[in-house]
Undergrad: 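Please see the structure below; I have some questions.
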2 protein chains.
Amino acid sequence: MQSPFVYRLKSLELLKAEDFEFAENLIANLDVVDPGMRIIEEGRLQKKIFFVLDGWAVKYKTLKDGNRQIVNFILPGDIIGLFAPLFQHAEHTVESIVSMKLGVFPADKLIETVQDAPRLALALAWKAGQDERILEEQIVSLGRRSSAKRMAHLFIELYRRLRLSGYTREQAVILPVNQLLLSDALGLSHIHTHRIFRELEKHELIERLPGRIILHNLSILASLADFDESYLEPISLSKASRAL
Amino acid sequence: MQSPFVYRLKSLELLKAEDFEFAENLIANLDVVDPGMRIIEEGRLQKKIFFVLDGWAVKYKTLKDGNRQIVNFILPGDIIGLFAPLFQHAEHTVESIVSMKLGVFPADKLIETVQDAPRLALALAWKAGQDERILEEQIVSLGRRSSAKRMAHLFIELYRRLRLSGYTREQAVILPVNQLLLSDALGLSHIHTHRIFRELEKHELIERLPGRIILHNLSILASLADFDESYLEPISLSKASRAL
DNA sequence: CGTATATTTGAAAGCTGTCAACACTTGTGG
DNA sequence: CCACAAGTGTTGACAGCTTTCAAATATACG
């Protein structure tokens, strides 16, 4: 197994060969899902956990008035529903936006494994902490960044996250998202999303194909967004936790 | 130790007597902090973890332009910096808004303890999952709720969270927050925050003392906010995880 | 080819931020 | 006890951002 998840964990310089074995054994079976499938559904009991080996998904909540808010994008190397089995029902829906390859395993197996491989447990905790930081940055975006900065910020975040999982070393990145999806992630109307979109396009920072977005000129985008990459830590685990 | 944290964990019906002993032993010493003190500071290495035994704090990030966004409120029973020791530096600042009583312990002690008491580890994971849900709900608020609903939603959330930790059974709740704090949490200007504030006050849903807010008529506030309490789970841990 | 899904535009209405003052409270030092 | 400073709360007016409405164009898919 040389998944994006493992790639990402390797950069932690924490895990040893035996840990990777444990990680491998976790996965009971592989799942291929088509675009637009619901992997986790709001309100339902969720007993399985997924490693994203390939593909993109969005995690969102639906409001009574029918609006929805995308809470996070899910990329190769991410884990879907790590905490979900601890709760009676899922709070959000996770839906694929392209076809995906998932590693599937039941929650109780995780609990066992984690006990036998404390370093792996730590790596999972690290991943959970990383996800928390991403959510917090999204809160900052929605609360205090103008819509153009917000959009630029999201683009750069996605690009950086892809890189951290070993995808993309290019200067141009293709994101499989359309304007509706974007507006639900940015908390904007789709019409306003389109306007801002045009702005960035006019300055040749982005380009569009139907249902896809191409990022050019990532450094200008990043400075436009005041992007501070520190919340996406490439290599880490402080000394304290290397003790194991 | 009969802290709000333990109170909250008890409702999980997961921990046994021995686990509480472990939890007790975690705490190396108690800390009393004055209002306005920084418990965790953005950019600094963070090696300690804190249990909030009493008091309130806010967790926020500061932007280049000086603006700040409060990411979450921290209440009795919450844990400050659970994942922080896994990273090179803290991403946010945690600042007390009233005087607080904290249980302090070093990260490596947590790692040991967690290995010896897997049920406690599970309880911590549950707490992390609960925090994640709260962040996600905040994202939904900022992205898709009108400012009045957003404010009402925040108030009800704080009330519910206090109740879940054993605080407050009253129909009126006093929150130690002022309008500036509120505006930084809601992602609004302080002037607009004040306007919305007046709205709710006019309808006698809230009342004010300097630097404090009193909630009356919680049920009307909740329906105004379309508050769906399901993301704050009082008792849970699905069957799968009770195996231990 | 027709339907459903996206994208695009313009105009008007509504919400929210900024500006500029002013009032009130609290705590400090004289 | 008063004056003053700093922080917080209050108001009205206006500008600017964003949504909503309505309608026209693509584009994808069976």
Side-chain angles (χ1 to χ4, degrees), chain A residues 34-37 58 63 65-70 95-99 140-154 174-202 206-214 224, chain B residues 34-37 58 63 65-70 95-99 141-154 175-202 206-214 224:
Chain A
D34 290 328
M37 298 302 292
V58 289
L63 298 178
D65 62 13
N67 266 130
R68 74 172 187 171
Q69 175 65 40
I70 291 177
E95 188 175 314
S96 59
I97 57 178
V98 295
S99 86
V140 173
S141 267
L142 289 166
R144 290 294 183 213
R145 278 195 256 266
S146 70
S147 48
K149 285 194 173 191
R150 198 141 91 221
M151 188 180 288
H153 197 279
L154 176 62
I174 299 181
L175 312 179
V177 297
N178 61 26
Q179 292 187 23
L180 279 179
L181 218 56
L182 248 193
S183 64
D184 282 337
L186 298 174
L188 299 170
S189 70
H190 73 280
I191 292 171
H192 197 62
T193 301
H194 174 248
R195 278 196 284 258
I196 307 294
F197 214 100
R198 272 335 245 303
E199 279 306 289
L200 297 184
E201 198 179 32
K202 207 172 62 191
I206 62 177
E207 187 193 328
R208 287 174 301 161
L209 303 179
R212 329 229 131 205
I213 299 169
I214 304 176
L224 172 66
Chain B
D34 290 330
M37 297 303 292
V58 289
L63 299 177
D65 62 12
N67 266 130
R68 71 172 190 172
Q69 176 64 42
I70 291 176
E95 188 175 314
S96 58
I97 57 176
V98 296
S99 85
S141 267
L142 289 166
R144 290 294 184 215
R145 277 194 257 266
S146 70
S147 48
K149 284 193 174 193
R150 199 141 91 222
M151 188 180 289
H153 197 278
L154 176 61
L175 312 179
V177 297
N178 61 28
Q179 292 187 21
L180 279 179
L181 219 55
L182 248 193
S183 64
D184 282 337
L186 298 175
L188 299 171
S189 69
H190 71 280
I191 292 173
H192 197 63
T193 302
H194 175 248
R195 280 196 284 253
I196 307 295
F197 215 101
R198 273 336 244 301
E199 278 306 291
L200 297 184
E201 198 179 32
K202 207 172 62 191
I206 61 177
E207 187 193 327
R208 287 175 300 160
L209 303 180
R212 328 230 131 204
I213 299 170
I214 304 177
L224 171 65

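So that the names make sense, note that chain A is the first sequence line, chain B the second, and so on, each numbered from 1.
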Undergrad: Just the rounded figure in Å: distance from P of C/dT26 to CG of B/N178.
TA: 14 Å
Undergrad: With side chains defined as the heavy atoms from C-beta onward, is the minimum distance between B/N178 and B/L181 less than 4.5 Å?
TA: yes
Undergrad: Report for the helix from C/dC1-D/dG30 to C/dG30-D/dC1: angle between first-end and last-end helix axes, five pairs each, rounded to 10 degrees.
TA: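 Between the first-five-pair axis and the last-five-pair axis there is 40°.
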Undergrad: Send over the distance from B/H194 NE2 to C/dC22 P, rounded to a whole Å.
TA: 18 Å
Undergrad: Round to a whole Å and report the spacing from CD1 of B/I213 to P of D/dT8.
TA: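 So the two atoms are 14 Å apart, to the nearest Å.
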Undergrad: Would you mind telling me which of C/dT9, D/dT10, C/dA6 lies closest to the side-chain atoms of B/Q179?
TA: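 Selected nucleotide (nearest to the side chain): D/dT10.
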Undergrad: Which letter, B, S or -, goes with each nucleotide of nucleotides 12-21 of chain C from 5' to 3', with contact meaning a protein heavy atom under 4.0 Å?
TA: ----BBBBB-
Undergrad: In Å, rounded to the nearest 0.5 Å, how long is the span from CZ of A/R208 to CD of A/Q179?
TA: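 It is 5.5 Å, given to the nearest 0.5 Å.
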Undergrad: Can you measure from NZ (B/K149) to OG (B/S141) and round to the nearest 0.5 angstrom?
TA: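 Taking NZ in B/K149 and OG in B/S141, the distance rounds to 10.5 Å.
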Undergrad: Rounded off to whole Å, could you give me the CG-to-C1' distance for the A/L182 and C/dT7 pair?
TA: 13 Å
Undergrad: Please determine which of B/N67, B/L142, B/D65 meets the side-chain contact (heavy atoms from CB on, under 4.5 Å) test together with A/R144.
TA: B/N67
Undergrad: Whole angstrom is fine here: how far is it from CD1 in A/I97 over to P in C/dT5?
TA: 18 Å
Undergrad: In this structure, how many angstroms lie between the P atom of C/dA6 and the CG atom of A/D184, rounded?
TA: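 After rounding, the gap between these two atoms is 11 Å.
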Undergrad: Answer whether the closest heavy-atom distance between the side chains of A/R198 and A/H194 falls below 4.5 Å.
TA: yes
Undergrad: What is the distance, rounded to the nearest whole Å, between atom CZ of B/R198 and atom C1' of D/dG9?
TA: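 Those two atoms, CZ and C1', are 9 Å apart.
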Undergrad: So if I define the base as every atom that isn't primed, P, OP1 or OP2, how would nucleotides 24-30 of chain D read as a B/S/- string at a heavy-atom cutoff under 4.0 Å?
TA: -------
Undergrad: To the closest 0.5 Å, what do you measure between CD1 (A/I213) and CD (A/E201)?
TA: 10.0 Å
Undergrad: Grab the CD-P distance between B/E199 and D/dT11 for me, whole Å please.
TA: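 Taking CD of B/E199 and P of D/dT11, I get 13 Å after rounding.
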